[in-house]
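Chain identifiers are assigned alphabetically (A, B, ...) following the order of the sequence lines, protein sequences preceding nucleic acid strands; residue numbering begins at 1 within each chain.
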Amino acid sequence: MKIERVAVSALSAASILALWAVVAALFPPTLLPGPVVVLRRLAELIATGDFWLHLRATVQRVAVGFALAFVVSVAAGTLMGARRLAESVLSSWVLVGLTIPGLCWAVLAVMWFGITEAAPIFAIFVVVLPMLTLNIWQGTKSLDRDLIEMARVFRTPWPSVMRNVVLPQLLPFCLAGARLGFALGWKVVVLSEMLGLSNGVGYMINRSFSAYSMDDVLAWTVGFTLVMFAFEYAVMLPIERRLVRWRPVVEF
Amino acid sequence: MRLEFLEIGKRFVRADGRPLDVLEEVSFTVEPRGFVSLVGPSGCGKSTILNLLAGLLVPDRGVIRVGGRPLDRRSHRIGYVFQKPRLLNWRTVRQNVEFALRSDGVRGAASRARADAVLALVGLAPFADEYPLTLSGGMQQRVAIARALAIEPDVLLMDEPFSHLDELTARAQRRELLRFRDKIEATVVFVTHNALEAVYLADRVFVLGARPARIKAAFTVEAPRTREIDEPYVLQLQRSVLAALGVE
């Protein structure tokens, strides 16, 4: 079964490459280079170490921004889900936060924090925060009150209640929020870096663009995309699979 | 332990501020290791009585004594079985039972051993490593019973535990309960709206009136615990209970 699914995914990926190659053949190579050229360029970047250098800068910014957002969103989200007052007060903040485009935050961050690490981290924080908060808020509201009452009746100490009753119910919401948060975070960090930082994947994409080097632009984009795929398959999916192993499998 | 529920009155305040007298003056006593059924129509306050016994509510009047002392949630051990199993579906059967032991600080090998022992008692030992959703409703409820028994309770409270099961499963679960009933040290209070179930399982049956409730009638079941649910004596007693309830 698993072999089939891997084969299907591989075939799907291969078909994307094939489509790319076909479309690239219809355009001049300076406008849309084909997959072979781009992948070769990517291999060069990896070999020289440039790729890892800039990737690490970008990843660090996302990690810090995301971590800060996560801590605050857990506090805010659980508060909103548990107390109606907090919900009334904070819900408009969350909605406003969700609607402001990432690009606006990236620009504002650079204006306020200048060309420093604080700018992209702030932008990521502000973009990811409402998304995560929303998910954790909804998750807290949907907590099974009957189970909490059961734990009360059995006089379970609250750390045990958190670990066994609350957290397992919140984790799927955290995961959904994290997935969306990371997706937004990657986009915002690349924008931030384009706006004036001196390293990172976004910076390199911008530099390649200024030099009219489409090969490089696509090489960086593809490389970055592959890293995000790896993150999804090596980190997110295994976590998700572990979280749902108690569910009976129903296919319909 | 002996359970004494003495002249308990309980009043709630409705949303619009008006008082709602749920229990008028309810008194009953259960001998140590006794099994008592509380029967009454829906909404008459049976669950309120259980919640008072569980220490989730405080009586407005009267006193509850367990083992001669006033009910104290910190020192008395109260086991509770709800109408629905209320299991943690993301934990195994054994882990669900062990969850109840957290309040006593029982952990590790000792916790595991106690969980396995009580699971064996209710006949679910082979399923200890399964997740609840792979079990039938009746088995899930038995896990809930095992969980309540794991803490070695002084008092075991059961709130219509079989009412959400289909009749065939419920019959089987009732038989199972009677089977291991003698190994239960606790004093049991079993709430139900089903008069036959009340008579089949218990030593004594107390009939509650409608709100504000009081004990309308009491019956002693003079049959051995190996009784069958369709024995003439059981059916006859059921009729008496139904009559006390005001049902033809």
Side-chain angles (χ1 to χ4, degrees), chain A residues 1 74 77-78 81-85 135-136 138-179 236-252, chain B residues 47 50-57 72-93 95-107 111 129-136 140 143-144 146-153 155-159 164:
Chain A
M1 281 297 264
V74 167
T78 48
R83 296 276 179 271
R84 223 165 290 165
L85 180 64
N135 275 273
I136 293 173
Q138 292 305 310
T140 306
K141 280 183 82 161
S142 71
L143 284 178
D144 191 337
R145 301 285 191 258
D146 283 350
L147 290 180
I148 294 176
E149 185 183 48
M150 178 275 291
R152 252 186 84 208
V153 171
F154 281 104
R155 291 175 45 231
T156 311
W158 76 263
S160 200
V161 177
M162 292 308 283
R163 193 172 44 242
N164 290 295
V165 182
V166 176
L167 226 68
Q169 292 181 70
L170 283 183
L171 276 174
F173 289 88
C174 289
L175 198 69
R179 270 222 182 92
M236 292 305 225
L237 276 179
I239 295 178
E240 184 182 45
R241 241 175 275 134
R242 221 173 161 252
L243 287 184
V244 296
R245 91 196 128 158
W246 53 269
R247 294 213 187 124
V249 179
V250 179
E251 231 168 78
F252 62 97
Chain B
S47 290
L50 281 188
N51 288 335
L52 286 163
L53 285 169
L56 292 172
L57 295 172
D72 177 8
R73 296 250 307 140
R74 279 185 310 269
S75 57
H76 288 126
R77 285 194 296 276
I78 314 282
Y80 203 118
V81 181
F82 298 87
Q83 289 183 31
K84 297 220 174 124
R86 297 203 192 178
L87 299 176
L88 305 173
N89 290 330
W90 42 86
R91 295 278 187 263
T92 63
V93 163
Q95 286 168 333
N96 265 280
V97 174
E98 291 191 72
F99 181 73
L101 298 170
R102 292 292 156 264
S103 65
D104 280 335
V106 179
R107 322 205 116 235
S111 161
D129 291 306
E130 297 293 323
Y131 287 101
L133 290 178
T134 62
L135 303 182
S136 69
Q140 289 182 28
V143 175
R147 175 178 63 191
L149 291 174
I151 62 173
E152 292 172 1
V155 177
L156 179 64
L157 305 172
M158 304 181 84
D159 188 0
H164 284 275

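Both the backbone and the side chain of B/Ala148 come within contact range of chain A, with heavy atoms under 4.5 Å apart.
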Any idea which donor-acceptor pairs are under 3.5 Å between chain A and chain B?
{"unit_1": "A/Asp146", "atom_1": "O", "unit_2": "B/Arg86", "atom_2": "NH1", "d": "3.2"}
{"unit_1": "A/Glu149", "atom_1": "OE1", "unit_2": "B/Arg86", "atom_2": "NH1", "d": "2.6"}
{"unit_1": "A/Glu149", "atom_1": "OE1", "unit_2": "B/Arg86", "atom_2": "NH2", "d": "3.4"}
{"unit_1": "A/Arg152", "atom_1": "O", "unit_2": "B/Arg73", "atom_2": "NH2", "d": "3.1"}
{"unit_1": "A/Val153", "atom_1": "O", "unit_2": "B/Arg73", "atom_2": "NH1", "d": "3.3"}
{"unit_1": "A/Phe154", "atom_1": "O", "unit_2": "B/Ser103", "atom_2": "OG", "d": "3.3"}
{"unit_1": "A/Arg155", "atom_1": "NE", "unit_2": "B/Arg73", "atom_2": "O", "d": "3.4"}
{"unit_1": "A/Arg155", "atom_1": "NH1", "unit_2": "B/Arg73", "atom_2": "O", "d": "3.0"}
{"unit_1": "A/Arg163", "atom_1": "O", "unit_2": "B/Arg91", "atom_2": "NH2", "d": "3.2"}
{"unit_1": "A/Asn164", "atom_1": "O", "unit_2": "B/Trp90", "atom_2": "NE1", "d": "2.6"}
{"unit_1": "A/Asn164", "atom_1": "OD1", "unit_2": "B/Arg91", "atom_2": "NE", "d": "2.8"}
{"unit_1": "A/Asn164", "atom_1": "OD1", "unit_2": "B/Arg91", "atom_2": "NH2", "d": "3.1"}
{"unit_1": "A/Arg245", "atom_1": "NE", "unit_2": "B/Tyr131", "atom_2": "OH", "d": "3.4"}

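The minimum heavy-atom distance linking A/Leu147 with B/Leu87 is given by the pair CD2-O, 3.5 Å.
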- Task: Applying side chain to side chain contact (heavy atoms under 4.5 Å, CB included), run through A/Val165 and B/Phe99 and close with a yes or a no.
- Result: CA-CA 10 Å; A/Val165 182; B/Phe99 181 73; 3.7 Å; yes
- Would you please test A/Val153 and B/Ile78 for side chain to side chain contact (heavy atoms under 4.5 Å, CB included) and show each step? CA-CA 8 Å; A/Val153 171; B/Ile78 314 282; 5.8 Å; no
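Under the side-chain contact (heavy atoms from CB on, under 4.5 Å) criterion, B/Val93 pairs with B/Leu119, B/Leu135, B/Val143, sequence neighbours left out.
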